[in-house]
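Keep in mind it's a predicted model, so treat the numbers as computed, not measured. Note that these values count all heavy atoms, side chains included, but never hydrogens, waters or copies made by symmetry. Chain identifiers are assigned alphabetically (A, B, ...) following the order of the sequence lines, protein sequences preceding nucleic acid strands; residue numbering begins at 1 within each chain.
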Amino acid sequence: MSRLTPSEIEPKWQAAWAEAGVFTATRDGNRPKYYVLEMFPYPSGRIHMGHVRNYTMGDVIARYKIGTGHNVLHPMGWDAFGMPAENAAMAIGGHPKTWTYDNIATMREQMKPLGLSIDWSREFATCDPEYYGQQQSIFLDFMEKGLVYRKDAMVNWDPVDMTVLANEQVIDGRGWRSDAPVERRKLTQWFFKISDFAEDLLEALDGLDRWPEKVRTMQANWIGRSRGLQIAFELATPFEGVERIEVYTTRPDTLMGAGFVAIAPDHPLAEALEAGNPEIAAFCADCRRMGVSETDAEKAEKTGIDTGLRVKHPVRPECGLPVWIANFIIMDHGTGAIFGCPAHDQRDLDFSRKYGLPVVNAFTTLNDAAPVADKALVPIKTEKVRWIDHFAGLDVATGEEAIEATIAFAEKRGWGRRKTQLRLRDWGLSRQRYWGCPIPVVHCDICGIVPEKRENLPVRLPDDVSFGRPGNPLDRHPTWRDTPCPSCGKPARRETDTMDTFVDSSWYFVRFTAPRAKTPTRDEDARYWMNVDQYIGGIEHAILHLLYSRFFARAMRMCGHLPASATEPFDALFTQGMVTHEIYATRDGKGRRIYHLPSDVRRDEARARLKATGEPVEVIASAKMSKSKKNVVDPEDIIAAYGADTARWFVLSDSPPERDVEWTAAGVDAAFKHLNRVWRLAAAAKAADDAEGPDDAMLRRSMHKTIRGVTVDIEAFAFNAAVAKLYAFTNTVAKADAGTGAKREALRIMAQLMAPMTPHLSEEIWHILGGEGLIARAAWPVADPQMLVEDRVTMPIQINGKRKTEISVPRDMAREDVEKLALASDVVVKALAGGRPRKLIVVPGRIVNVVT
RNA sequence: GCGGGUGUGGCGGAAUUGGCAGACGCACUUGGUUUAGGUCCAAGCGCCUUUGGGCGUGGGGGUUCAAGUCCCUCCACCCGCACCA
């Protein structure tokens with residue numbers, strides 16, 4: 001009997017698919033389209049198991065949808081701009097472009113053996129000038145529509161590397177590479193007006209009912225719309241022309257408990273006060289020093305300083321509230337000023353106790369609150385409260401009513417107005433880096449900022465740059481930087497900032513619909529293929545990438561690049577879990593861990609030892625595969641040893657796709673053994689022979705149940721459950737005393753049901769069992785509803801809800817007959833002891849419950 | 001602190017949505033075949049037990065003839081956000 005040899009059959013079928021063009025997508029009005037997409041990879045160098053899991057899931061969906069008659073688009077590309085390429089260029093020399101394209105070539109060659117149903121004819125990298133040139137043209141369109149602007153913004157500046165650092169590159173206030181103290185610098189930068197769309201981006205989340213709740217919540221929190229009241233607190237005596245302080249609150253109902261007003265150290269009023277008061281100046285300077293590092297700010301104690309100014313309480317003007325400058329007030333939030341309500345806010349209470357400020361109850365709850373000690377009384381939103389001073393015509397209200405009543409009252413009296421506040425800030429897209437999409441504008445001393453002419457796009461990155469010196473190479477590249485003004489023709493300078501790489505990934509999915517078009521999109525293709533029906537990727541992109549893509553869809557629609565029908569980029573989103581693996585470590589002389597590759601460790605029974613020396617190895621709990629922990633399993637090695645089908649089958653088995661799956665050698669062996677077992681069963685059923693067997697009917701019923709079960713599971717992304725049903729069906733086929741005809745039929749169906757997961761093995765089985773054409777193109781089997789119902793059913797009999805026995809009855813037996821049979825069974829007779837049941841529940845075909 | 005999620009055998013996890021808890025896989029035990037085997041085949045495998053049964057889906061309570069599933073409450077862990085005004 002021949003053995004399963006993946007190294008032979010896998011390339012064979014991959015070639016067959018390529019030759020038949022099975023996965024090449026073209027528009028076809030006769031079939032429903034289905035666009036399935038996995039988040040495209042960054043070409044870091046090699047693919048890892050996370051990629052394998054991600055793309056396998058997408059592939060299952062894609063192949064299943066082909067089977068169900070859909071015209072499937074399943075493309076792949078490369079998110080190819082970004083810092084690692086520049087870092088590599090600095091560390092090992094060479095050019096980011098070479099490094100990137102080499103990595104792409106390597107990873108493409110690693111991906112192809114996985115047998116993914118990808119339309120490779122649509123492949124592109126975001127660093128291709130053909131792609132980023134179109135992106136530049138979109139940028140100019142956004143400019144024309146007023147969706148782009150420039151403003152000053154703070155950046156982390158590394159004075160040694162002469163570069164801007166992302167927040168995650170700042171470690172303990174120092175640059176991650178240079179270790180130099182990071183400075184805060186003001187730079188004029190480019191921004192996208194994402195805030196223009198904030199309301200729509202928030203409200204449309206409700207319609208994304210096929211997105212995980214978690215992601216929708218995270219986006220909603222990120223946009224952070226709050227409704228509240230902006231109050232003008234009048235200064236008792238104006239200070240240098242300032243007459244009032246604007247304060248924003250989401251809890252206007254607590255206004256009567258206001259004990260103080262506090263402003264941020266960066267507040268204009270604070271800055272004005274600094275000039276005449278050295279103590280205040282010292283305090284503010286102190287706060288700013290803390291402000292550099294956010295982790296410091298978190299730990300810092302709440303401190304403040306009295307300005308000596310007083311404001312009037314809008315409802316009780318006779319009350320003067322002190323104005324403080326406090327370190328925990330942030331200029332970016334609201335108006336940069338708050339009123340403190342110590343009785344009902346813990347932070348304000350702590351502050352008030354520290355500085356001896358008054359604590360005033362705003363309201364008591366209906367059951368009369370205890371006096372405030374060290375714990376603020378925070379009424380629940382739905383709780384009825386009674387104002388101590390009922391100024392709004394209401395004296396008892398729930399939190400929401402109280403808030404509304406206060407806002408209405410404030411607007412009527414004119415000291416406040418309703419305000420909706422957003423947390424979402426505009427998207428700063430400037431990056432002072434080389435390896436990104438150049439921003440296509442020119443700075444002219446005469447004309448100002450001038451967009452590059454369309455016919456000059458793409459503004460290509462120059463190749464002749466060096467990374468030996470710190471700073472942005474574009475800045476010191478005179479022939480590239482110096483360019484005539486597109487408007488007046490006089491000498492001018494190119495913008496040397498490039499775009500955030502999130503821009504590249506905000507519209508790539510649209511570009512896949514017409515990757516070679518001379519315009520960013522082509523209407524008939526975008527109209528046909530958009531939206532992406534199913535998007536699959538990691539939860540780490542829950543906020544930025546997905547939010548930016550949603551913004552781009554709207555902005556591109558505004559510019560005519562997307563049809564009105566393309567409402568959202570991704571109709572359905574699935575976030576898959578990671579592939580984890582144990583970590584192996586030994587200790588060095590100082591007790592520090594030294595990590596070891598799984599391939600260097602031998603595990604037998606309970607112990608693990610180094611293969612080379614036999615030294616015992618500490619096994620640390622499973623974690624995300626990472627180079628530094630050396631717990632990476634290389635997909636290439638697994639494919640070489642077991643084949644792609646085994647790797648695919650394994651990553652789909654056992655764990656639900658949204659959870660992490662632990663990579664284990666035993667699990668991979670089990671997957672491989674199972675595929676071999678299916679292969680042997682198929683080989684045994686190969687001989688044509690029409691003999692029937694006693695289990696033929698049972699096998700067919702089981703087959704139809706499996707068809708239905710696997711179909712439902714794939715639709716529901718329950719791949720682990722689908723795999724389990726296929727295991728169970730394999731057991732049934734193996735044990736059935738059935739004729740070869742029935743077994744052949746069963747195995748052909750099994751091959752089809754497995755094809756989305758193990759496409760090569762399935763083709764091979766399909767082929768030897770006489771299937772027509774390629775299984776990749778075969779119509780997905782449909783379960784016969786009549787075969788799903790058994791003639792006889794086993795009904796458990798419960799006494800008082802506890803299962804005691806069972807009866808086997810014809811499926812459609814009349815209720816009365818079931819009752820009689822149940823009552824006649826030994827245990828029931830015994831339990832009733834001659835009496836009658838108090839109640840008798842019969843759920844036909846399901847269960848009998850006798851209540852005594 | 002706010003928000004989201006998870007909790008089921010030794011382990012990963014099923015459960016047609018209120019109807020036989022533990023499917024399927026791993027690990028383990030026993031037996032068999034071939035044995036060079038880490039192959040293959042068969043059987044067993046929640047816990048307790050006086051072998052009659054009792055208990056059992058994080059704890060407690062409730063609804064119901066019936067609860068892993070619904071409600072209340074508490075606990076633990078994971079993830080996200082956060083001096084958010």
Side-chain angles (χ1 to χ4, degrees), chain A residues 3 212-222 224 226 228-231 247-252 254 261-262 264 294 297-302 326-330 332-341 345-348 350-351 378 421-423 539-540 542-543 604-606 622 650 653-656 658-662 664-671 673-674 676-677 680 705 708-709 712-713 718 720-731 734-735 788 794-806 837-843 845-852:
Chain A
R3 256 178 76 87
E213 185 64 41
K214 179 186 177 133
V215 175
R216 290 194 285 166
T217 311
M218 282 164 76
Q219 293 220 346
N221 289 342
W222 189 260
S226 64
L229 176 67
Q230 185 155 324
I231 304 169
V247 165
Y248 177 75
T249 177
T250 55
R251 293 298 306 275
T254 64
V261 163
E294 298 202 355
E298 225 164 279
K299 285 177 215 146
E301 206 193 328
K302 294 168 189 32
N327 67 344
F328 62 94
I329 311 299
I330 292 167
D332 281 348
H333 292 155
T335 57
I338 63 152
F339 75 77
C341 179
D345 182 289
Q346 191 60 47
R347 186 188 53 194
D348 296 345
D350 295 344
F351 189 79
V378 183
Q421 183 94 19
L422 293 166
R423 201 193 83 104
I539 186 75
E540 67 274 17
I543 299 174
D604 27 56
E605 304 300 311
S622 213
F650 175 80
S653 303
D654 294 339
S655 286
E658 67 275 15
R659 282 195 218 168
D660 292 350
V661 64
E662 187 180 351
T664 62
V668 182
D669 277 334
K673 281 178 196 169
H674 180 257
N676 270 288
R677 187 171 180 228
R680 280 195 308 276
K705 273 189 186 164
R708 195 191 59 162
V712 167
D713 286 341
N720 58 321
V723 165
K725 287 183 176 78
L726 287 163
Y727 267 110
F729 186 48
T730 309
N731 290 339
K735 291 190 172 126
L788 297 176
T794 303
M795 291 179 70
I797 295 179
Q798 299 178 330
I799 294 172
N800 298 328
K802 302 247 180 242
R803 184 186 186 282
K804 293 292 171 183
T805 184
E806 61 184 33
R838 283 206 296 141
K839 208 164 181 181
L840 187 58
I841 314 283
V842 177
V843 184
R846 285 225 196 258
I847 205 162
V848 179
N849 192 7
V850 184
V851 186
T852 60

Discussion item. Let me confirm one number: the CG-NZ distance from A:Asn849 to A:Lys804, rounded to the nearest 0.5 Å.
Written reply: 11.5 Å
Fill in: Touch class at under 4.0 angstrom, heavy-atom based, for A:Arg677 against every strand present
sugar-phosphate
Item to complete: Check every strand shown and say whether A:Ser655 touches a base, only sugar-phosphate, or nothing at a heavy-atom separation below 4.0 Å.
Response: sugar-phosphate
Worksheet, complete the sentence: A:Asp350 CG to B:G1 P, in whole Å, measures 13 Å
Worksheet, complete the sentence: By ring-ring contact (aromatic ring centres under 6.0 Å, His included), A:Tyr248 pairs with (sequence neighbours left out) none
Discussion item. Taking only side-chain N and O atoms of A:Asn731, does any of them lie within less than 4.0 angstrom of OP1 or OP2 on B:G25?
Written reply: yes
Fill in: Contact under 4.0 Å: A:Arg846 side-chain N or O vs B:A66 OP1/OP2
no
Fill in: Gap in Å between the two C1' atoms, one belonging to B:C70 and one to B:A82, rounded
34 Å
Worksheet item: Should A:Arg659 be listed as having a side-chain N or O under 4.0 Å from OP1 or OP2 of B:G13?
Response: yes
Response to the item:
Of the candidates B:A85, B:G13, B:G54, the side chain of A:Pro656 sits closest to B:G13
Fill in: Presence of salt bridge, A:Asp713 and A:Lys725, under 4.0 angstrom
yes
Practice prompt. For nucleotides B:G25 and B:A36, find the distance between their P atoms and express it as a whole number of Å.
Written response: 30 Å
Worksheet, complete the sentence: Hits for ring-ring contact (aromatic ring centres under 6.0 Å, His included) against A:His333, two or more places apart or cross-chain, chain-then-number order -> none
Worksheet, complete the sentence: Under the rule of Watson-Crick or G-U wobble with both distances under 3.5 Å, where | means paired to another strand and [ ] a crossing pair, RNA chain B maps to (((((((..(((......[....))).(((((.......))))).(((....)))..(((((..]....))))))))))))....
Item to complete: Please check the phosphate of B:A82 (OP1 and OP2 only) for any side-chain N or O of A:Arg423 closer than 4.0 Å.
Response: yes
Response to the item:
Which of B:G25, B:A82, B:A43 is nearest the side chain of A:Ala670? It is B:G25
Item to complete: Rounded to whole angstrom, note down the P distance from B:U6 over to B:G61.
Response: 24 Å
Practice prompt. Between B:G19, B:G13, B:G3, spot the one nearest the side chain of A:Ile847, thanks.
Written response: B:G19
Worksheet entry | Distance in angstrom units between A:Glu213 CD and B:G5 C1', rounded | 11 Å
Worksheet item: Do A:Gln219 side-chain atoms and A:Ala542 backbone N/O form a donor-acceptor pair below 3.5 Å?
Response: yes
Practice prompt. Check every atom of B:G5, B:A23, B:G80 against the side chain of A:Met218 and return the nucleotide holding the closest atom.
Written response: B:G80
Discussion item. If I pick the C1' atom on B:C2 and the same atom on B:A66, what distance separates them, to the nearest angstrom?
Written reply: 39 Å
Practice prompt. Would you tell me if any nitrogen or oxygen in the side chain of A:Thr250 comes within less than 4.0 Å of OP1 or OP2 on B:A85?
Written response: yes
Worksheet entry | Residues that A:Arg803 engages under side-chain hydrogen bond (donor to acceptor under 3.5 Å, both in side chains), provided they are two or more places apart | A:Glu806
Response to the item:
Which of B:G19, B:G3, B:C83 is nearest the side chain of A:Arg347? It is B:C83
Worksheet item: Below 4.0 angstrom from OP1 or OP2 of B:A14, is there any side-chain N or O of A:Asn720?
Response: yes
Worksheet item: Taking only side-chain nitrogens and oxygens of A:Lys214, does any of them come within less than 4.0 Å of OP1 or OP2 of B:G4?
Response: no
Could you run down the sub-3.5 Å N/O contacts of the protein with nucleotides 33-39 of chain B?
{"from": "B:U39", "atom 1": "OP1", "to": "A:Lys673", "atom 2": "NZ", "distance (Å)": "2.7"}

Discussion item. What's A:Gly224 touching, base or sugar-phosphate or nothing? Going by heavy atoms closer than 4.0 Å.
Written reply: nothing
Practice prompt. Provide the distance between the two C1' atoms, one in B:U34 and one in B:U39, to the nearest whole Å.
Written response: 9 Å
Discussion item. Testing the 3.5 Å rule here: is there a donor-acceptor pair between the side chains of A:Arg659 and A:Asn720?
Written reply: no
Discussion item. Would you measure the distance from the P atom in B:U33 across to the matching atom in B:G54 and give it in whole Å?
Written reply: 42 Å
Contact list (N/O, under 3.5 angstrom) for nucleotides 8-10 of chain B vs protein:
none

Fill in: B:U69 versus B:U57 - spacing of their P atoms, nearest Å
9 Å
Fill in: Nearest-Å distance once atom C1' is located in both B:A67 and B:G18
7 Å
